[in-house]
Amino acid sequence: MIPFNKPYITGKEVHYIYDAVSSGHISGNGKYTKLCQKYFEEKYGFKKVLLTTSCTDALEMCALLIDIKPGDEVIIPSYTFVSTALAFVRQGATIVFIDSREDNPNLDENLIEKLITEKTKAIVPVHYAGIACNMDKIMSIAEKYNLFVIEDAAQAIDSYYNGKPLGTIGHLSAFSFHETKNIQTGEGGMLGINDERFIKRAEIIWEKGTNRAEFFRGEVNKYGWVDIGSSFLPSEIIAAFLYAQIEFLDSIQTKRKEYWNTYYEKLKCLKGNHIDLIEVPDYATVNGHLFYILTKSDKERDELIKFLKVKDIHSVFHYLSLHKSEYYKNNSQKRPNLPNSDSYADRLLRLPLYYELRLEHVVEISEAIKEFYNE
Ligand SMILES: *Cc1c(COP(=O)(O)O)cnc(C)c1O
């Protein structure tokens, strides 16, 4: 069986974990946390990075940092993972769902302005599959209406918009190191801060509402409870694991992109007639996070999944549009009409893509799909 995903372990994780454990500092914000944060700050140019225990946590920190209050409206694509909405809903936000583009599942930036009201506080673009949203347009709308932009960059490590690393463009951003992502720590994430105004408060929210970080830098002579917050920081065990993955980032990316490109080359002959393929706008790059095809209908997709399963190939679909979810239906009177989001929910099929997949497998999977379509 070719599994859909297999989390990659570089081999150095246990070495660094051993080092962290034997150093005696196992709680958060130690040597490995600092090494990881420094790496991302220097490589991509964030003003500040804080590791978190998940991308969901990082998004929750964003909701706290921009002071989301009950009734505030946040514009979020419906075609995304639950956490993108959940983090803001927990603070009482009203979610305003926006439809996807026709050529890729990212939010359609041309629909944003119609959705803005006096209560709108933020826009949360999700870079689906690591493919950039139209950030210039989104940032200029945000500036015009004085809104915050929070990038859900969960899938977008090492991907770019017009040469700018994703996650460094909005005021804040959230990344995931869940085991399904390009680099992983089982469960983990990070908050990227690009607007300096947020740095000091983010450190406090991160460490249970205390000014502990300042205290350890010697900036204050005692620490205590100064704000709201939670325990958002991971232990050094998680950070040590992540550090091993970071050292491998470049080879992981090279291989994932090679597989992505091979899928595209092998399957492009089906484009138009049988399936649709991912469309990468000129301003975006591919980071090899996930490869999908779009079938003609949900029925055809089910048949293709079964066909591939018989050939021992595990393919999966996601997401159910959030505006069609049980939670949203039970908690909102609104029934937005989001045809593109619904269309991706019905037609999108993800193919296996991970570091330890082999090129022969990519070829074999592509051939199987062509066989299904008699090509
Ligand atoms: C994976 C993912 C998340 C959640 O990440 P966690 O680290 O599991 O909290 C959020 N948003 C998107 C778009 C994702 O793909």
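In each ligand, atom 1 is the first atom listed, and ligand 1 is the first ligand listed. Residue numbers start at 1 and run along the sequence shown. This one's a predicted model, so the numbers in the text were calculated from it and none came from an experiment.
Atoms NZ and NZ, from Lys119 and Lys69 in turn, are 15.0 Å apart once rounded to the nearest 0.5 Å.
Aromatic rings from Tyr128 and His318 are positioned such that their centres are separated by under 6.0 Å. If you look at Tyr328 and His323, their ring centroids are not closer than 6.0 Å.
Geometrically, Lys6 does not engage Tyr354 in a cation-pi contact, judged by NZ or CZ lying under 6.0 Å from the ring centre and within 45° of the ring axis. Geometrically, Arg350 does not engage Phe291 in a cation-pi contact defined by less than 6.0 Å to the ring centre and at most 45° from the axis.
One hydrophobic cluster holds both Leu65 and Phe232 under the rule that ILVMFWY side chains link at heavy-atom gaps under 4.5 Å.
Sorted by chain then number, the residues whose non-hydrogen atoms approach ligand 1 to under 4.0 Å are Ser54, Cys55, Thr56, Thr80, Phe81, Ser83, Thr84, Val126, Asp152, Ala154, Gln155, Ser176, His178, Lys181, Gly188, Tyr319.
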